[in-house]
Amino acid sequence: MGEILVRVTLYGTLHKRVAAYDAENGLMIVLREGDGVQALLARLGLGQVRLGFISVDGRLVTGDAPLHDGARVRIFQPIFGG
Amino acid sequence: MKVIRVDMTTKTIAEEALPAEYAGLGGRGLTSTLINVEVPATCDPLGPENRLIFAPGYLSGTTLINTSRLSVGAKSPLTGGIKESNVGGTVAADLARLGITAVVVEGQAPAGECYLLKIDAAAKAQLIDAAAYKGMRTYGLVKELKAVYGEKNSVTCIGPAGEFQMAIASIQTSDFDGRPCRAAGRGGLGAVMGSKGLKALVVDQGGKNPDTLVDPEAFKASAKAYAQAVKADQFSGEILPELGTAALVGPINEAGALPTCNATQGQFAGADKISGETLASTIKARGGKTTHKGCANCIINCSNEYVDQDGGYVTSSLEYETIWSMGAMIGNDELDAIARLDFLCDDIGLDTISTGVAIGVAMDAGYRPFGDAPSAIAMVAEIGRGTEFGKVLGSGPAAVGKHFNHQRVPVMKNQSMAAYDPRALQGMAVTYATSPMGGDHTAGWVVDKNLEAFGGTLDRFSAEGQVEASRDTQIHMAAVDTMGLCDFAQSGLAAKGGFDHFLTMISAKLGQPFTKADWRGLGRRVLTAERDFNRRAGFTREDDRLPKMFYTEPLPPHNKVVVVSAEQMDQTFDF
């Protein structure tokens, strides 16, 4: 199994829950080839955290979306507006 | 439960008890029902027949947290229909603690005359000549009025734009720190205030005579539980205090729903430079304030104080809608410029949303390039000076479109849309098109219902279910706006048992049971009054449509158009 490298950006107050997070540059995470969003969340310790939506390369994804080498992942919290 | 009536023609003031038919109403419910009864629907919005009504929410002045919304209502010079615009700060609580349910301003002072209305600690109102304050901007005005009448007064006022009777003029009110940075922005109500010859409403903050609660113990218990729920919620208890409403920039941009460069795109390349995260880190690095209290009784503290590189005050509070209208919508990714534009709008007395969209339309027409922040600042300054072009801008985006013969103008009932493009969130298309208020996001915010990740069940690119979602939310919001509850404290309603606690508090004040059915009935009553007024003002179902651009110009990156049909729009108020 090969490895893939993804870039992660956290929004809202999620940075408080990921100790190694660098607000300037985000995080580079190494995963196994074939890993998806759920594996990434588990690696970040966000598996049990209430999240809003997740995007991969600018597209909103649902469920355990696949990831590829070089993917740009953004993770958002639930919002309410007015 | 006292109504103060001010006749600007005769300079007389009268007091009356709130008529029985308005019992249980405050805020938007009271302003809209009063306007529908008392204002001739076809009158000149800037003439003596129009009435400008200030009404705290039904629960304002109580111990319940985040109930400091003041509704301001009148016939709008921008839309030509009924208008309610609500604002935070302290004035709603100040009025309610004086036992004042509404201030109704009617008639018109002779051209050139200028007055302020002072309400003292005994809830007595007095009209005072304010000629000395004519032409003043709001920050300077508030400073002078507080020096004369004391720091413990709230000031609700207009700036030059209101005096010029511009259709996008706001009414500004002082925040918890006494700065006139809170705006009843939408619909040009500042112009109505200017047309009356009323420069300011100065209200003593020492009131100790709020409406009596019939069951104070029940109220107290539910108020405590409600506050705990708001505090425990992730968005209102954690995200808003840290990032403010600017937290919305990132997700809405990522969803492809952030109108950019006059709504020609749904994502802004510079979004990360103006995001809530960047805003918070910039403010912290410069020694400004996040987690700032803007309104009385607030426990969320979503406000902020934006400072310059030397730590000097620039503006408060920099909010999502303004960051969008003065940022993405005009292609500007400079936070410092957005903050400056926000301050100028507050100081001149302008709706930041309509002003930004007016600038966006001008830029789209080729007047200046997108992203030219210095030109945007110069354009707002022109409004403040009342130059010929400034008057065009101050008349709103549709007037700017006509001036340049430019067709891409994102307005509904002549009022600009807000920071959610309806092509990427079809539910917002319904709200924008059908709200009696015109293009208005707060009237029926259904973004959450359109995004599965936020608990929504609707396909945001499909028409299915959107009319029902908007209808439900518009009914709900009409009731929320009647109570004076802050939008963001609605997290308490969503919490387990939270809605029941809220109904308990209404019952505890009203002295009779108030059920979920009553809540829905209240919302329908308000919307029905508003729709009735608009119908008599000449609106037809053809006014419940979006501009052509939303049906014919696909919005990148999803390249969708609005697919909700006219027939579907017409079912929105089938209740």
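Note that these values count all heavy atoms, side chains included, but never hydrogens, waters or copies made by symmetry. Computed from a prediction, not measured in an experiment: that's the story for all the values here.
- Of the possible donor and acceptor atoms, none in the side chain of Thr278(B) sits under 3.5 Å from a partner among the backbone N and O of Ile274(B).
- Looking at every heavy atom in both residues, Phe235(B) comes nearest to Phe488(B) through CE2-CD2, 4.1 Å.
- Under a 3.5 Å cut-off, the side chain of Ser303(B) and the backbone N or O of Ser317(B) do not form any donor-acceptor pair.
- Contact count against chain A (heavy-atom pairs under 4.5 Å) is highest for Gly250(B) among Gly250(B), Ala494(B), Ala247(B), Gly256(B).
- For Thr9(A), no part lies near chain B; criterion is any non-hydrogen pair under 4.5 Å.
- Note that the OG1 atom of Thr67(B) and the CZ atom of Phe502(B) stand 8.0 Å from one another [nearest 0.5 Å].
- Residue Ile79(A) touches chain B through both its backbone and its side chain, counting heavy-atom pairs closer than 4.5 Å.
- Interface residue Glu242(B): only side-chain heavy atoms are found under 4.5 Å from chain A.
- Contact annotation for Glu238(B): both backbone and side-chain heavy atoms come within less than 4.5 Å of a heavy atom of chain A.
- Side chain of Arg460(B) to main chain of Ala255(B): a donor-acceptor pair is present (N/O by atom type, distance under 3.5 Å, no hydrogens or angles).
- Asn66(B) contributes no side-chain N or O that, together with a main-chain N or O of Cys298(B), makes up a donor-acceptor pair within less than 3.5 Å.
- For Leu451(B), the part lying under 4.5 angstrom from a heavy atom of chain A is the side chain only.
- Residue Asn253(B): no heavy atom, backbone or side chain, is found under 4.5 Å from chain A.
- With hydrogens and angles disregarded, no donor-acceptor distance shorter than 3.5 Å links the side chain of Tyr320(B) to the backbone of Gly244(B).
- Only the side chain of Gln490(B) comes within contact range of chain A, judged by heavy atoms closer than 4.5 Å.
- A side-chain N or O of Asn450(B) and one of Gln466(B) form a donor-acceptor pair less than 3.5 Å apart.
- Using a 4.5 Å cut-off between non-hydrogen atoms, the part of residues 10-44 of chain A that approaches chain B consists of Tyr11(A), Gly12(A), Thr13(A), His15(A), Lys16(A), Arg17(A).
- With hydrogens and angles disregarded, no donor-acceptor distance shorter than 3.5 Å links the side chain of Ser435(B) to the backbone of Thr431(B).
- Among the residues in residues 45-56 of chain A, those with a non-hydrogen atom closer than 4.5 angstrom to a non-hydrogen atom of chain B are Arg50(A), Leu51(A), Gly52(A), Phe53(A), Ser55(A).
- In this structure a side-chain-to-backbone donor-acceptor pair under 3.5 Å is present from Tyr432(B) to Tyr420(B).
- Minimum interatomic distance between Arg59(A) and Pro557(B) (heavy atoms only, all atoms of both residues): NH2-O, 3.4 Å.
- With hydrogens and angles disregarded, no donor-acceptor distance shorter than 3.5 Å links the side chain of Arg182(B) to the backbone of Gly89(B).
- The backbone N or O of Leu258(B) lies less than 3.5 Å from no partner atom in the side chain of Asp421(B), so there is not a single donor-acceptor pair.
- For Ile239(B), the parts sitting under 4.5 Å from any heavy atom of chain A are the backbone and the side chain alike.
- In terms of heavy atoms, Ala257(B) sits closest to Leu425(B) at CB-CD1, 3.6 Å.
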